[in-house]
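Chain letters run A, B, ... following the sequence lines, proteins first, then strands; residues in each count from 1.
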Amino acid sequence: MDDIKKRLEKIAQLKKNISKINQAQKEKSISIVNQEIKIEEVVSGNFISTPFGDSFLRENYFPQDYRCGEVELFQIFQSSAKTISSLARDNRLREIDIHKTVFLDTETTGLAGGAGTYIFLVGVGYFAKDQFCVRQYFMRDFNEERALLSAVNELLSDFNTIVTYNGKAFDIPLIESRFIMSGMKLNIKNPGHFDLLYPARRLWKRRLENCSLSTVERDILGVIRENDVPGYLVPEIYFRYLKTKDARALKPVFEHNLQDILSLVALVSRMCFLIEDPLNYTKYGMDIFSIGRMFDEEKRYEQCTHYYTEALKHNLAEEETSEILKLASFAYKRQGEWEDAEKIWKEIIERNREFIYYPYEELAKYYEHHLKDYQKAKIILEEALNIVENIFIREKLQYRLNRIKGKLLCQAPKLS
DNA sequence: AGGATACGTGCGTCGAGGTA
DNA sequence: TACCTCGACGCACGTATCCT
């Protein structure tokens, strides 16, 4: 019995020891996971003092010949304010001064907007003498938000124009709401705002798979990012940092934000060059067409038809050619270049196997109202009626044809 | 996932010019 | 004089698309 008792005591003792070892190992592994690694150990920067406490700031400087993909940052100074304001569709930007312009991008805790989304990193780029400077303000925890906003606010007060990518819908409303939530006032009042997303769409949506900054950056600027963090992971990385206090995973977020800002600068230059000298800055027919469309919308029809014609010299898909021919014909019509318009409407009819109504209608209008050649109008309408089956279109054609026939009757020499 | 924005489309209105 | 036709413009609405 004693033997059994002794053995049981020994087993209990062994179990206690195993449990102690397990506990020690557990604590050791937790201490490894939760080892605090501060942001200043991972990202070189300093703490700046604000009325609301300290804020972490990283600064980077880029020399005059620094390239972002294929574009030198300082080429932006060759961009004309007129082109920028035209791209932005904002006349206020006719006065843009690049030295008074900030390039801004934020990293946040999500997309949701409203009170629940915080900005934890604000990147701001600007030209300072012969260098381009990027400042990145970082919030180590939610209680540093006012310090971050205060530091950003102080910098922004030196500028009057902001450049962003989708900032009209995302960054700026979020910044404004964070200032309101913090009971603070933004120093920069009613700035000029050049949001590059919209001109990028106008220029490249026909050619690129999408117009996200990363796609435009890769396909237009030739920027290749290594070890980039996809945007959707950014909130998760920040929340993990808050939990573990290990800042290592934040380094790529700083790099991502920095690259976004450099790309904004390069993109402004690239867009301006493209608009000012399209044939030298793109080999793509659809880019040239898009530029033609921009002139079309500005009612600058001479340039518009010039670029439509240039675009048509490229090897394009059938539906792309059709779209360009259609817009070119209407641009000629608005210029009063009727013969060019007529030529295109005829070409469209010849090219398309399926019936398209508008070139027949336009030709009929041209012959009836402009040339007053009712016979020609009659022929084109009858030609259309011979092909088309759609009842609604037939009714419209027939109505027009009846009127023409009436006019022909009036013209006919009266028999006495 | 939430919100802002631009764009395309359809419809109504208006003025100019032409016609019965 | 009344009506028709066209083109330009503005408005409303639905849709697609970016940001993290």
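- Residue pairs meeting the side-chain hydrogen bond (donor to acceptor under 3.5 Å, both in side chains) criterion with at least one partner in residues 197-213 of chain A, sequence neighbours excluded, are A:Arg206-A:Ser290, A:Arg207-A:Asp287, A:Glu209-A:Arg218, A:Asn210-A:Ser212, A:Asn210-A:Thr215, A:Ser212-A:Ser214, A:Ser212-A:Thr215.
- Within the structure, every side-chain polar atom (N or O) of A:Arg202 is placed at least 4.0 Å from both OP1 and OP2 of B:dA6.
- Residues A:Tyr61 and A:Glu59 have side chains that bring a donor and an acceptor to within less than 3.5 angstrom of each other.
- Residues satisfying the ring-ring contact (aromatic ring centres under 6.0 Å, His included) test with A:Tyr165, not counting sequence neighbours, are none.
- Side-chain proximity of A:His369 to the nucleotides B:dT5, C:dC6, C:dG7 is greatest for C:dC6.
- Contact check on A:Lys343 versus A:Glu347 returns no salt bridge, with no Lys/Arg side-chain nitrogen under 4.0 Å from an Asp/Glu carboxylate oxygen.
- As rounded to whole Å, 14 Å separates atom P of B:dA4 from atom CD1 of A:Ile172.
- Ring centroids of A:Phe289 and A:Tyr284 are separated by 6.0 Å or more, keeping the two rings apart.
- Straight-line distance from the CZ atom of A:Arg206 to the P atom of B:dC7: 10 Å, rounded to whole Å.
- In this structure, A:Glu362 atom CD and C:dT5 atom P are separated by 15 Å, rounded to whole Å.
- Across all strands, A:Tyr399 comes closer than 4.0 Å only to sugar-phosphate atoms, never to a base (heavy-atom distances).
- We find that CD of A:Glu297 is positioned 14 Å from P of C:dC9, with the value rounded to whole Å.
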- Task: Mark up nucleotides 11-20 of chain C, 5' to 3', with B wherever a protein heavy atom is under 4.0 angstrom from a base atom, S wherever such an atom reaches only the sugar-phosphate, and - elsewhere.
- Result: ------BBBB

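- Looking only at atom types and distance, the side chain of A:His193 has a donor-acceptor partner in the side chain of A:Thr164 under 3.5 Å away.
- Contacts of A:Phe295 classified as ring-ring contact (aromatic ring centres under 6.0 Å, His included), with partners at least two apart in sequence or in another chain: A:Tyr307.
- Heavy atoms from other residues, nucleotides or ligands lying under 6.0 Å from CD of A:Glu95 number 12 at most.
- In this structure, the CG atom of A:Asp195 is 8 Å from the P atom of B:dA6, given to the nearest Å.
- Atom OH of A:Tyr358 and atom C1' of C:dC6 are 18 Å apart (whole Å).
- Atom NZ of A:Lys326 is separated from atom C1' of B:dG8 by 11 Å (rounded to the nearest Å).
- Between the CZ atom of A:Phe194 and the P atom of B:dT5 there is a distance of 16 Å, rounded to whole Å.
- Counting only residues at least two apart or in different chains, salt bridge (Lys or Arg N to Asp or Glu O under 4.0 Å) contacts with residues 276-285 of chain A are absent.
- A close approach under 4.0 Å does not occur between any side-chain nitrogen or oxygen of A:Arg293 and OP1 or OP2 of B:dC7.
- Between C:dG7 and A:Lys365, a contact under 4.0 Å exists linking OP1 or OP2 to a side-chain N or O.
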- Could you encode protein contacts along nucleotides 12-20 of chain B as a string, one character per nucleotide from 5' to 3', using B for base contact, S for sugar-phosphate-only contact and - for no contact, with a heavy-atom cut-off of under 4.0 Å? -------S-

